[in-house]
Number of protein chains: 2
Amino acid sequence: MQKKYVFMFDETRNPNSESSLFLLGNKGAQLAEMTNAGLNVPYGFIISTEACNKFYGSGKKWPNGLGVQVKTALVKLEKKTGKKFGSVKNPLFVSVRSGSYVSMPGMMDTVLNLGMNDETVEAFAKLTKNPCAALDSYRRFINMFGDVVMGVPHSKFEAALDKVKEKAGAKFDTDLTVEHLRDVVQKYKEIVRKEKGTMFPQEPWKQLEMGVNAVFLSWNTPRAVSYRRINKLRNDAGTGVSVQAMVFGNMGNDSGTGVSFTRNPATGAKEHYGEFLVNAQGEDVVAGIRTPKQIDEMRKTNPKVYKELVGIYGKLERHYRDLQDFEFTFEKGKLFMLQTRSGKRTAQAAVKVAVDMVEEKLISRQEAVLRIKPIQLDQLLHKQLDPKAKEKAGLIASGIAASPGAAIGMVVFTADRAAELSSKGEKVILVRNETSPEDIEGMNAAQGILTARGGSTSHAAVVARGMGKCCVAGSNDIAVSESLKQFSVQKKNIVVKELDWVSLDGGTGEVFLGRLPLVEAEFGGDIKTLLVWADSFSRLAVRTNADTPEDSKRAREFGAKGIGLARTEHMFFAEDRIRAMREMILSDAPEQRRKALAKILPFQKKDFFGIFKAMSGLPVNIRLLDPPLHEFLPKEEKEIAEIAKEMGVSVGKIHDTLSALNEFNPMLGFRGVRLGIVFPEISEMQVTAILEAAIEAKNQGFEPVPEIMIPVVASVEEMRSMKELVERTAGKVFKEKNRKVKFHVGVMMELPRACLTADKIAEFAEFFSFGTNDLTQTTFGYSRDDAGKFIPSYIEKGILQEDPFQVLDREGVGELVRIAVKKGRGARKNLRVGICGEHGGEPSSVEFCHSAGLDYVSCSPFRVPIARLAAAQAALKEKRKTYFEDV
Amino acid sequence: MQKKYVFMFDETRNPNSESSLFLLGNKGAQLAEMTNAGLNVPYGFIISTEACNKFYGSGKKWPNGLGVQVKTALVKLEKKTGKKFGSVKNPLFVSVRSGSYVSMPGMMDTVLNLGMNDETVEAFAKLTKNPCAALDSYRRFINMFGDVVMGVPHSKFEAALDKVKEKAGAKFDTDLTVEHLRDVVQKYKEIVRKEKGTMFPQEPWKQLEMGVNAVFLSWNTPRAVSYRRINKLRNDAGTGVSVQAMVFGNMGNDSGTGVSFTRNPATGAKEHYGEFLVNAQGEDVVAGIRTPKQIDEMRKTNPKVYKELVGIYGKLERHYRDLQDFEFTFEKGKLFMLQTRSGKRTAQAAVKVAVDMVEEKLISRQEAVLRIKPIQLDQLLHKQLDPKAKEKAGLIASGIAASPGAAIGMVVFTADRAAELSSKGEKVILVRNETSPEDIEGMNAAQGILTARGGSTSHAAVVARGMGKCCVAGSNDIAVSESLKQFSVQKKNIVVKELDWVSLDGGTGEVFLGRLPLVEAEFGGDIKTLLVWADSFSRLAVRTNADTPEDSKRAREFGAKGIGLARTEHMFFAEDRIRAMREMILSDAPEQRRKALAKILPFQKKDFFGIFKAMSGLPVNIRLLDPPLHEFLPKEEKEIAEIAKEMGVSVGKIHDTLSALNEFNPMLGFRGVRLGIVFPEISEMQVTAILEAAIEAKNQGFEPVPEIMIPVVASVEEMRSMKELVERTAGKVFKEKNRKVKFHVGVMMELPRACLTADKIAEFAEFFSFGTNDLTQTTFGYSRDDAGKFIPSYIEKGILQEDPFQVLDREGVGELVRIAVKKGRGARKNLRVGICGEHGGEPSSVEFCHSAGLDYVSCSPFRVPIARLAAAQAALKEKRKTYFEDV
């Protein structure tokens with residue numbers, strides 16, 4: 001029996017199956033599915049991908065039988081439409097489209113109106129009573145076919161058209177008369193003859209053959225091949241070809257065309273939404289010359305079609321079980337569906353539709369959870385600039401959308417000024433070349449942060465996200481001068497001075513001059529419902545990175561199941577503490593250091609107590625001091641002089657310490673556990689503060705669950721030594737306070753060596769928490785503060801698919817995580833494993849954490865909902881195992 | 001049958017076997033072996049380690065039968081010696097010593113003269129006719145036994161002795177009379193009674209029991225347990241106890257004692273070497289009150305003993321097959337061997353003895369090769385400061401022994417000054433806080449380098465070793481002031497000014513004031529012979545890291561089999577090139593950059609040509625540009641102004657570029673392949689220069705074997721892109737020159753991610769060369785420029801066993817190497833794999849490279865002989881598989 005290569009739209013039982021998708025291509029499968037759904041789709045047929053593969057297998061010739069099968073299908077198509085291919089009375093025109101198992105946008109253009117020639121166009125002109133439209137269709141067809149199928153440069157046609165328009169004094173294509181258009185058609189045909197040495201094919205069957213061949217050949221253009229390589233698509237899949245009858249909305253007032261959504265895509269409300277034009281084709285809607293009408297007006301103009309259309313909404317949603325958008329055309333009162341797809345919607349609409357559809361029993365809770373892109377939730381949690389106002393306002397600069405939300409305030413250029421004005425109730429935007437830990441107070445005081453340098457994981461970006469504060473980072477458009485108290489935007493010739501108002505959109509990275517109005521955001525209702533469902537499917541728990549009771553409370557409201565990372569160093573920058581910290585650093589002997597540390601202890605204890613209280617009953621993972629000590633010392637001469645005076649030491653002494661602590665590569669320097677080993681009294685103080693705070697919390701009736709985390713560990717000996725220190729200190733505290741609390745000691749896994757020796761480290765660590773920021777830095781050898789110099793270029797050139805500081809690199813960093821989990825659990829069965837890097841709130845990375853078998857992810861408070869959703873999706877996707885699905 | 005716990009010295013057939021070692025302990029096995037060798041060792045017996053383990057297994061009691069076996073052994077001992085334990089006529093005294101399967105120095109002191117009491121001491125006094133000596137032995141015994149066995153603090157005895165000496169007006173112990181000594185003995189016994197509430201045991205058998213128990217118990221002192229933990233020794237091995245008859249050299253003029261070597265340990269010459277004292281005990285030699293005589297004088301004083309002794313030399317060497325040192329005592333004309341061991345020797349002697357012994361057929365070539373510690377060869381390759389002169393001269397400061405050899409010169413503080421004076425024929429020492437690439441010319445001009453900061457892998461150290469130039473790095477003793485042109489040594493209150501003379505010993509890290517005389521070193525003769533033998537056993541080849549034809553030639557003389565790393569960046573710092581380099585960096589567009597690069601090309605080509613010529617027939621691995629571009633830019637305002645003028649750009653422009661290129665963590669910044677991807681024209685120029693130079697060399701009849709190495713690769717996409725660039729460029733060059741050369745493209749493996757994805761990278765890389773310096777930095781997260789702040793403390797606290805920048809870390813870095821080799825060879829069977837980090841010349845690291853299956857190591861020229869020897873030893877050791885052997 002001969003192989004079946006050609007399938008009519010209504011010939012496929014299960015067009016949604018994987019095998020259909022591979023056989024028919026996505027476009028063909030879609031058309032077959034719409035037909036199966038009982039939608040009135042213009043009829044047609046699909047040439048399978050197998051035909052395409054055979055075509056390549058046999059020297060670029062149609063396989064045996066394909067010709068006969070296409071001709072048979074064409075006859076069926078003619079019968080169904082009542083039109084005839086090449087007929088000079090009622091001609092059939094068709095579209096020819098490509099389509100592989102996944103969409104490869106831009107690989108091959110569509111050819112419309114195939115079947116037109118010098119004769120059929122005249123027949124069409126008579127039928128439509130619109131010779132202009134007919135001729136315009138014909139000249140477009142010659143252009144499209146000439147370009148896509150025959151390889152005549154589009155520009156040649158363009159030039160000819162322009163010449164005619166110029167001569168005719170016509171501004172738009174639509175200004176051309178029938179005579180002009182006949183001239184254009186003539187010229188187009190001549191171009192084809194001149195360029196290709198052959199006449200433009202008049203024979204419709206020949207046109208079809210050539211069109212099909214062109215689609216086949218487009219599968220292996222260099223562009224398509226490299227697209228597949230980059231996107232890791234199968235090279236052996238081949239493309240299908242769909243051939244579909246054209247329908248026309250420009251056949252009179254009983255004809256028309258339109259676009260609609262089954263629900264409101266902006267709000268999610270269940271209402272008709274869309275627009276249409278009578279006696280028009282799709283291009284007319286796009287061209288925007290005539291103003292389309294709202295769908296509901298059709299009730300008056302075309303009541304029969306309207307009634308049918310209203311039925312379509314329900315039919316589509318029942319079949320596709322989602323908010324759909326669709327294109328339709330009605331030809332002489334007959335409604336055709338041209339295309340439908342899942343409708344794009346705002347985050348708000350997405351959540352409302354998903355929750356509503358569960359209530360309408362259209363979809364399951366699982367499906368609802370899978371419907372929302374986790375990252376969309378970000379929009380729902382931050383105040384937004386009013387989109388309408390943005391359009392009107394002047395965009396003056398762009399940068400990296402580092403931390404979403406909106407911020408409006410007066411520009412200031414130092415952290416001190418920000419704090420000063422903020423304390424007076426002013427709203428300010430802190431603008432810096434880049435921020436440093438000393439700017440923390442100012443950042444906290446500001447509405448938003450704008451920096452000229454640094455990327456999506458720069459200090460400004462990380463801290464801002466941690467604070468849930470709007471931040472536009474690394475805006476190359478601006479030049480900041482702290483001394484002149486201004487920033488300038490050269491390409492706009494604008495200078496913005498201190499106290500000028502600006503508005504930032506941290507979700508898009510836009511900077512506007514002036515005060516734009518805001519739109520409120522809220523966490524509750526549908527989104528809360530959805531996330532409760534999500535949690536029920538997740539294997540991963542979601543914790544938060546929080547350093548203060550306020551952040552802890554907020555994160556808990558967002559559903560965090562504990563703290564995965566409480567940094568202790570931010571606590572040292574407040575004015576009352578930094579002095580004692582500096583005194584400690586400038587001490588020469590352990591005793592002197594202990595004295596200075598004793599002053600810091602009550603502050604730390606208070607901080608920890610507040611966090612234990614806010615997180616009562618949930619684990620609180622506290623990381624011991626991490627950054628190099630020089631970060632705490634003053635850098636400016638004036639400050640140095642002040643501190644020297646205060647502390648009664650010489651300026652030279654402070655300079656000596658600064659120079660001794662200065663580092664070539666601070667990221668790889670004297671920090672983390674290295675501080676704790678060399679200066680054990682620092683760790684002793686911190687552990688004492690943590691455990692005393694926990695005892696105090698317990699005494700007051702809270703349930704503290706402290707976890708003590710050792711940072712920057714590279715070897716088991718460090719961990720052994722710190723574990724001993726913690727236990728020794730705990731013994732002392734418990735004896736002194738005459739009360740015990742349960743606590744855990746674990747390790748921040750952020751160096752390759754720790755991962756490679758995880759089995760040994762797990763002997764002394766009760767938990768692992770992957771610090772994937774630093775692990776990414778060391779695994780790639782990228783400094784995240786410097787990688788901005790080459791990462792954009794790397795992404796542009798395809799060396800990197802994504803910024804590994806944003807999306808966890810599964811191949812390298814992920815391999816270390818897998819190695820560490822395997823070795824760690826091998827040595828300690830009940831080892832708790834989490835992640836606390838920035839990746840903890842990034843959906844693809846959360847999915848990786850799920851698949852790597854982690855117990856939890858931890859992220860900044862505002863990312864908690866996103867991570868919860870991503871965790872649920874990872875669990876649900878794993879069950880489905882549909883590798884090509886991209887929800 | 002009862003378990004045998006006690007072995008007479010002559011009862012063990014094969015004392016050298018592993019099982020004997022574990023059964024008898026190292027000390028016991030040694031004594032048994034000496035006895036077996038026919039040496040007249042004072043007789044005795046060994047209590048096995050099994051007895052010790054049973055002791056612990058049964059509540060610290062002697063196992064059944066041990067008491068009887070010890071008593072039986074004692075009777076045999078009495079019979080053999082003709083003396084009797086506790087006899088008041090001819091008393092037997094014994095020593096009691098510990099000994100486990102490996103030496104644990106300092107774990108347990110020896111107890112000598114056990115068996116002495118108030119009565120036997122009098123008998124001994126009569127026999128020796130020397131009551132003073134007898135009583136002195138007795139009081140020493142009480143002290144030793146009281147301290148070691150009974151736990152009376154040594155200080156108590158010391159105080160009592162001092163009191164008696166003071167009262168007697170005696171300066172030395174030997175000034176004491178019999179009466180004084182009797183007083184001391186009495187006081188010592190009282191101390192024991194007071195401290196322990198018990199009499200000093202007079203019963204010899206009781207003394208023996210207690211002595212044996214003390215040895216058993218010493219196995220589990222906290223000190224011993226932690227020593228085993230740190231050194232990874234077996235906790236279940238137990239200690240043996242050897243009980244041996246004492247012999248006495250102080251029995252008159254027919255008695256004596258001495259120490260000798262079987263050959264001259266300084267030169268290796270085959271001659272009698274050593275000294276002796278008549279009528280004396282070992283302590284007398286050590287005490288240094290009487291001057292010992294040269295061995296050959298014994299021919300006159302004790303001819304019979306001398307004749308016997310001469311026979312011993314040959315006997316020892318035939319048995320031990322090595323240069324031995326040994327201690328002997330003759331008691332009434334009878335010669336006893338007390339101890340022998342492999343004699344410590346200079347590098348020169350070590351090599352000569354090994355080679356001579358092969359010629360004497362005492363040992364095989366394999367054994368000769370295994371005899372030399374590779375690191376010793378360093379001494380043979382560099383000029384040395386005369387050791388005698390060093391003793392007399394004033395040591396003013398110490399630092400890290402960064403690069404061996406000696407250097408004598410006038411102190412200068414800038415590279416320019418060094419170059420200036422050197423060009424006038426002056427010898428200078430460059431003293432800097434630390435060096436930077438801009439100092440290269442000055443370092444090259446200097447005799448040696450002294451820095452105040454930086455460690456064993458600092459810039460100064462690495463470059464100096466590469467140049468084979470003496471360097472003392474990171475001397476904390478000195479404070480350098482470039483502006484005052486001086487350095488000061490506070491603790492010596494010395495200021496050294498420009499043009500003062502100093503002498504450096506790079507092998508010890510010592511700095512001396514003044515000009516010390518030198519001793520010459522030479523590469524040839526025995527050492528060459530030995531290394532030829534070594535090469536015949538090696539699996540690893542040894543290449544060199546060399547950037548110049550001079551270094552290449554030198555390394556080839558030292559036996560290098562090619563270049564494993566030619567850095568291209570050092571080539572840019574000469575004055576005629578740096579300008580073009582800076583022009584390139586300051587260029588805004590690829591075209592401008594290409595123009596500047598075109599100026600550099602001829603220089604690079606010339607450099608490469610010279611290297612290909614010097615290394616004709618051997619592979620030359622050239623690494624493309626590695627360091628961040630800012631290293632090439634001037635830092636000082638004056639220089640910046642000059643360059644701006646020269647290049648016709650504004651000073652601001654240069655500042656802008658400097659600030660744009662400035663990096664927080666340059667080690668993890670915009671460098672290596674990242675430069676090549678973002679600015680492909682740089683790599684194109686370098687590849688062109690390499691291949692044009694190779695063609696030129698080929699045209700002139702040489703055999704160039706170029707390998708092009710891509711640095712700092714983290715992902716396969718980088719490698720793919722660079723491979724394409726190299727091949728594209730090669731095609732162009734070959735076409736232009738109308739000639740081809742074979743070349744290879746490979747990758748420097750220096751980032752964890754490269755190792756983890758080695759299978760993918762190997763698809764595009766023909767070779768891997770591990771850059772273990774950077775790989776260590778990223779694996780540990782240690783910046784080698786900053787790690788000096790904590791590595792010393794880490795080593796002191798036992799967190800690190802060794803500086804991982806000196807000795808390759810097998811557990812972490814090594815694991816990445818193993819992963820990469822496995823994955824890489826899995827993807828490309830004939831992948832060539834080497835190492836070019838500093839570790840390539842470090843013996844333990846070379847051994848690792850051998851076991852990891854690498855093809856070669858590469859190291860600085862002066863390390864080549866060391867690596868050759870280490871490579872051979874690794875191969876030989878692998879065959880022997882004696883895991884406890886430490887040659």
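Lettering follows sequence order; numbering is per chain, from 1.
Contacts of A:Ile819 with chain B are made by side-chain atoms alone, with heavy-atom separations under 4.5 Å and no backbone atom involved. Heavy atoms of A:Glu663 lying under 4.5 Å from chain B belong to its backbone as well as its side chain. For chain B, the nearby part of A:Arg720 is the side chain; its heavy atoms alone come within less than 4.5 Å. Residue A:Pro680 touches chain B through its side chain alone, counting heavy-atom pairs closer than 4.5 Å. If you measure heavy-atom distances from A:Glu434 to chain B, the contacts under 4.5 Å come from the side chain alone. Only the side chain of A:Ser721 comes within contact range of chain B, judged by heavy atoms closer than 4.5 Å. Proximity to chain B (any heavy atom under 4.5 Å) is restricted, for A:Asp809, to the side chain, taken from C-beta onward.
With sequence neighbours left out, the ring-ring contact (aromatic ring centres under 6.0 Å, His included) criterion links A:Phe679 to A:Phe670.
Of the residues considered (A:Val712, A:Leu675, A:Leu751), A:Leu751 shows the highest number of contacts with chain B, using heavy-atom pairs under 4.5 Å. With chain A as partner, the option from B:Arg674, B:Glu815, B:Glu717 having the largest number of non-hydrogen pairs under 4.5 angstrom is B:Arg674. Between chain A and the options B:Ala714, B:Gly812, B:Ser783, the largest number of non-hydrogen pairs under 4.5 Å is found for B:Ser783.
Residues of residues 755-764 of chain B that come closer than 4.5 Å to chain A, counting heavy atoms only, are B:Leu756, B:Thr757, B:Lys760, ordered by residue number.
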